[in-house]
2 protein chains.
Amino acid sequence: MTIEKDYSPKLAVGEVTVDRRDIEMLEAIDRCGSLHAAATDLGRSYARLQRRVVELEAAVGTLTERRRGGSGGGGTELTATAFDLRRRFERHETELEGVARVTESVLSGTVGERTGELATVETAVGPVLALVPEGASDVEITVRSDAVVLTDPDETPDGNDTSLRNTFSGTVTALESGEAITRVTVALGEGVTLEALVTNASVDRLGLETGRAITAAFKATAARAIRV
Amino acid sequence: MTIEKDYSPKLAVGEVTVDRRDIEMLEAIDRCGSLHAAATDLGRSYARLQRRVVELEAAVGTLTERRRGGSGGGGTELTATAFDLRRRFERHETELEGVARVTESVLSGTVGERTGELATVETAVGPVLALVPEGASDVEITVRSDAVVLTDPDETPDGNDTSLRNTFSGTVTALESGEAITRVTVALGEGVTLEALVTNASVDRLGLETGRAITAAFKATAARAIRV
DNA sequence: CGACGATGTATCGTCATGGATACCACGACG
DNA sequence: CGTCGTGGTATCCATGACGATACATCGTCG
């Protein structure tokens, strides 16, 4: 049985929450030019659409200019606020989609020294600096594959001045190439692997191939732990 | 009116989708030792809980061992599958929470050369390699602040052999420090800024302060564009 | 000045979700 | 062998979301 990560993006504005359906409604209004046309286009009822627009505007501000009478009987157009809301929602949705589509690596360990929300976690492959929930002791750290940076071990100075706080030496064990992107599996030893999503250009530049020694790094702020 | 990013994590398993409420149900069963006790503890009805457990098990597999009769009248315990499902859900939830809590930077531009899902986007501060949806031309790129890596410009060789495909020179314009983490704002010029979430230790190591010249980098696979 | 097509608004019926209740089956233990 | 607290199942009802319908309002244009 395959389990797939799913999600539903929302924007919370005071009491109301804007969901995908609301955004689709705004898009239909923009596309059709009137609430009536948008309602029929979406297969929804005019009454609900109208009430929802009023609800949203009470929370977010003016989203539409609704005119009645006149040639064509009137119509409704979106305001800049509405377009802004839509862009904001789509950015949020895209980020969430990224989380759902990207693979993650899991590192198990126990929490050591802590400062604020950051803590050192002792794992099989050494200490990892990660965001750890309050009061946790045994944890699993998840690292998104699009947050893992690969570097040539020969070119990496030991005390490199970057904000990448977690670096590991490993060996490439698998490459899965797409049209522009390759998923690289790096074995860190002790049976622990880290996946990295890199461009095919990076694969060439770094000379990535099975067996190649490589350095994998990720930021502490991109590593999140859960209690286990 | 402040807009907050929200979300609801789900796991899709065939026809059924597991949501936060299901996980809370499993946790209550584990905590209370029986469906009846879990139902009263959650303020829900026994009947619904029981039916939901059956529904979930039809999709996911055996989640509980339910015994009736005996001393105490029986009881229900979770299986390893249930604990595994819970951990999986919580990892997913934590990743999504990361998206919602972290700030993002936005870069506007137009799409240039494309290979597969990757494309070069011309922005005010130069070309950016990002994941771009099919057929888009004018886009906004979002970059999560926990995906931005800061490096010392003096120590960064021009053709560094990393999988960080987007690097920019900039100046630190703001620092907002928490207990362990600092949000750094980097001005790239042309009014474009990039935010980076780094540990306080990195702030010290890199000598970050307002006015400091710095190099900001992020992976192409961590930059996602939306049509605009 | 009436027609038209849009915006507003109220009301009703339908459907899904979920609690409330009742009743049966089960099995160790006193 | 009855009691007790569990699991298992069916039925009823409240609630909310939403479509369907009906009707009033508005303002330009023929």
Side-chain angles (χ1 to χ4, degrees), chain A residues 8 10 12 15-79 81-82, chain B residues 8 10 12 15-79 81-82:
Chain A
S8 53
K10 296 169 188 171
E15 292 301 301
V16 282
T17 62
V18 182
D19 62 4
R20 193 179 281 143
R21 207 180 188 212
D22 294 318
I23 301 301
E24 283 169 3
M25 176 180 73
L26 292 181
E27 286 171 350
I29 294 171
D30 182 42
R31 189 170 56 243
C32 303
S34 78
L35 288 186
H36 265 111
T40 58
D41 188 73
L42 290 173
R44 297 184 58 187
S45 71
Y46 168 85
R48 294 288 153 185
L49 248 62
Q50 196 274 339
R51 287 184 54 168
R52 186 58 180 165
V53 167
V54 173
E55 274 179 36
L56 290 180
E57 291 193 325
V60 182
T62 308
L63 291 174
T64 60
E65 285 203 356
R66 311 197 283 285
R67 302 178 315 279
R68 56 180 172 182
S71 76
T76 298
E77 283 183 3
L78 299 188
T79 64
T81 309
Chain B
S8 53
K10 297 169 187 171
E15 292 301 300
V16 276
T17 61
V18 182
D19 61 4
R20 192 179 282 146
R21 206 181 188 211
D22 294 318
I23 300 301
E24 283 169 1
M25 178 180 71
L26 292 180
E27 285 171 349
I29 293 171
D30 182 42
R31 190 170 56 242
C32 303
S34 79
L35 288 186
H36 267 108
T40 58
D41 188 73
L42 291 173
R44 299 183 57 186
S45 71
Y46 168 85
R48 294 288 152 186
L49 247 64
Q50 196 275 339
R51 288 184 54 168
R52 185 58 179 167
V53 168
V54 173
E55 275 179 35
L56 290 180
E57 291 193 327
V60 183
T62 308
L63 292 174
T64 60
E65 286 202 354
R66 312 197 284 285
R67 302 178 314 278
R68 56 179 171 182
S71 75
T76 298
E77 283 182 2
L78 299 188
T79 64
T81 309

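We name chains A, B, ... by the order of the sequence lines, and we start the count at 1 in each one. Computed from heavy atoms alone, side chains included, the values below leave out hydrogens, waters and symmetry copies.
For the atom pair CG (A:L35) and CZ (A:R48), the distance works out to 14.5 Å, reported to the nearest 0.5 Å.
Partners of A:R31 under the salt bridge (Lys or Arg N to Asp or Glu O under 4.0 Å) rule, at least two apart in sequence or in another chain, are A:D41. Every residue was checked against the side-chain hydrogen bond (donor to acceptor under 3.5 Å, both in side chains) condition with B:R44, not counting sequence neighbours, and none meets it. By the side-chain hydrogen bond (donor to acceptor under 3.5 Å, both in side chains) test, A:R20 is found to be paired with A:E93, residues two or more places apart in sequence or in another chain being considered.
Pairs of residues two or more places apart, or lying in two chains, that qualify as salt bridge (charged side-chain N to carboxylate O under 4.0 Å, His left out) and include a residue from residues 59-69 of chain A are A:E57-A:R66.
In summary, of the residues considered (A:R52, A:R51, A:Q50), a side-chain contact (heavy atoms from CB on, under 4.5 Å) with A:V54 occurs for A:Q50 alone.
To the nearest angstrom, C1' of D:dC18 lies 14 Å from CE of A:M25. Rounding to whole angstrom units, CZ of residue A:R52 and P of D:dG19 are separated by 13 Å.
Here the side chain of B:R44 is nearest to one of C:dG19, D:dG7, C:dA6, namely C:dG19.
Under the 3.5 Å distance criterion, the side-chain polar atoms of B:D19 are matched with a main-chain donor or acceptor of B:D22. Side-chain atoms of B:T76 never come within 3.5 Å of backbone atoms of B:S34 as a donor-acceptor pair (strictly under, hydrogens ignored).
Nearest-nucleotide positions on DNA chain C place A:R67 closer to the 5' end than the other of A:R67 and A:R48.
Nucleic acid contact class of B:R21 (heavy atoms, under 4.0 Å, all strands): sugar-phosphate only.
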What nitrogen or oxygen pairs link the protein and nucleotides 8-10 of chain D at under 3.5 Å?
from  : atom 1 : to    : atom 2 : distance (Å)
D:dG8 : OP1    : B:R66 : NE     : 3.4
D:dG8 : OP2    : B:Q50 : NE2    : 3.4
D:dG8 : OP2    : B:R66 : NE     : 2.4
D:dG8 : N7     : B:Y46 : OH     : 3.4

Report, one pair per line, the protein and nucleotides 28-30 of chain D atoms (nitrogen or oxygen only) whose separation is under 3.5 Å.
from   : atom 1 : to    : atom 2 : distance (Å)
D:dT28 : O4'    : A:G70 : N      : 3.3

